[in-house]
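Residue numbering restarts at 1 for every chain, and letters A, B, ... go by the order of the sequence lines.
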Number of protein chains: 2
Amino acid sequence: MIQPPDESQALAALSALSESTRLRILRFLVARGPQGAPAGEIGEAIGFSSSRGSFHLGVLARAGLVTATKSSRQVIYRADTVAIGALMGYLINDCCGADPQIVACCSPAAACRPQGES
Amino acid sequence: MIQPPDESQALAALSALSESTRLRILRFLVARGPQGAPAGEIGEAIGFSSSRGSFHLGVLARAGLVTATKSSRQVIYRADTVAIGALMGYLINDCCGADPQIVACCSPAAACRPQGES
DNA sequence: TCAACATCTCAAAAGGTATTGAGATATGAT
DNA sequence: ATCATATCTCAATACCTTTTGAGATGTTGA
């Protein structure tokens, strides 16, 4: 059954993505693939203290963009690509009515101009 | 020349989108198409005072997601579909490495499960 | 058991964001 | 000129977010 995330889920996800540390974490985890990475390693790669990392990873997890699974004394975080895809689908199709100009930008080879550039 | 929005632009746009009133405004304006709508009409449709509307429309405009053009005594706002598309492209391709599972969700017929649902 | 490790929680401080209502500004009509 | 209209600005208030450092919790290995 096709069911988009509801608005409040989408808002939580967008809010989670709108912070530079968290965007970097997500980039890192997507690049890692299904294997994910433990909190400490993410912190070392990106550069933040354990409490700061815990805070940001918690925001991402509560927003549903990453999953956290305990593995002995570590916590492995993984990007939830299905959730991320659902957010994209919500934005493109539900919020933007699948506007062709917007949809066109989503393919890897898309030639979309940056915002506010001539 | 293909050039994605830079990170700070993307963050401003994501932050602008992560508020329910503004997401509604954008939905409304995308549905309106290139004709756009004056501030007052958006406020009536969505339900907010002029000062609140001015604040939120300003956030969207500063983030580059909408354009504002003065037309006699009204200000016409329009969704900037190129900028919105560029944001989508940035998220999908630059942040998420064009992960196939994420890209798959962007077509209108995509069957993506919502975040956090079984 | 004890020490080291990985992560989380908590409270304080600083800064950012949203809402409200009053009022300023500018345009168009009488 | 005067008035109504459309929008923006401003200051006050309330609330939310981020960072920091200290320390709590739970896990593994000696």
**Student:** Classify A:Phe48 by what it touches in the nucleic acid, base, sugar-phosphate, or nothing, heavy-atom distance under 4.0 Å.
**Tutor:** nothing

**Student:** Which residue, B:Thr21, B:Thr67, B:Leu65, B:Asp80, forms the side chain to side chain contact (heavy atoms under 4.5 Å, CB included) with B:Leu60?
**Tutor:**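 Of all the options given, the one that passes is B:Leu65.
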
**Student:** Which pair of heavy atoms, one from A:Leu87 and one from A:Ala13, lies closest together, and at what distance?
**Tutor:**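 That would be CD2-CB, 3.8 Å.
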
**Student:** Do B:Ile76 and B:Ile25 sit in one hydrophobic cluster, given that two such residues count as connected whenever their side-chain heavy atoms are within less than 4.5 Å of each other, even indirectly?
**Tutor:**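 They do not share one cluster, since no chain of ILVMFWY contacts under 4.5 Å joins B:Ile76 to B:Ile25.
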
**Student:** Give the B/S/- string for nucleotides 12-23 of chain C, one per nucleotide from 5' to 3', where a protein heavy atom under 4.0 Å of the base yields B, of only the sugar-phosphate yields S, and otherwise -.
**Tutor:** ------BBBBB-

**Student:** Between atom CD1 in A:Ile76 and atom P in D:dT27, what is the gap in whole Å?
**Tutor:**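 Rounded to the whole Å, the gap is 15 Å.
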
**Student:** Using the closest heavy atom to pick a nucleotide of DNA chain C for each, name whichever of A:Gly53 or B:Ser71 lands nearer the 5' end.
**Tutor:**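 Taking each residue's closest nucleotide, the earlier one in sequence belongs to A:Gly53.
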
**Student:** Among the candidates D:dA4, C:dA6, D:dT7, find the nucleotide nearest to the side-chain atoms of A:Arg73.
**Tutor:** C:dA6

**Student:** How many whole angstroms separate atom CD of A:Gln74 from atom C1' of C:dA4?
**Tutor:**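 In whole Å, C:dA4 C1' and A:Gln74 CD are 14 Å from each other.
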
**Student:** Taking a hydrophobic cluster as the set of Ile, Leu, Val, Met, Phe, Trp and Tyr residues connected by side-chain heavy atoms closer than 4.5 Å, whether directly or through intermediates, do B:Val59 and B:Phe28 fall within one such cluster?
**Tutor:**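 Cluster IDs for B:Val59 and B:Phe28 differ.
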
**Student:** Is there a side-chain polar atom (N or O) of A:Ser72 under 4.0 Å from OP1 or OP2 of D:dT27?
**Tutor:** no

**Student:** What's the OH-P distance between A:Tyr77 and C:dA6, to the nearest Å?
**Tutor:**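 Rounded to the whole Å, the gap is 15 Å.
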
**Student:** Is it the case that one hydrophobic cluster holds both B:Phe55 and B:Val66, taking links as side-chain heavy atoms less than 4.5 Å apart, direct or via other members?
**Tutor:** no

**Student:** Please list, by residue number, the residues of residues 32-45 of chain B whose heavy atoms come closer than 4.0 Å to an atom of DNA chain C; answer none if no residue qualifies.
**Tutor:** none

**Student:** What verdict does the side-chain contact (heavy atoms from CB on, under 4.5 Å) test give for B:Asp99 and A:Ile84, after you've listed the backbone C-alpha separation in whole Å, the side-chain angles of each residue and the deciding distance to 0.1 Å?
**Tutor:** CA-CA 10 Å; B:Asp99 181 288; A:Ile84 298 168; over 6 Å; no

**Student:** What pairs with A:Glu44 under side-chain hydrogen bond (donor to acceptor under 3.5 Å, both in side chains), at least two apart in sequence or on another chain?
**Tutor:** none

**Student:** Given the rule that I, L, V, M, F, W and Y join up when any side-chain heavy atoms are under 4.5 Å apart, are A:Leu14 and B:Ile92 in one cluster?
**Tutor:** yes

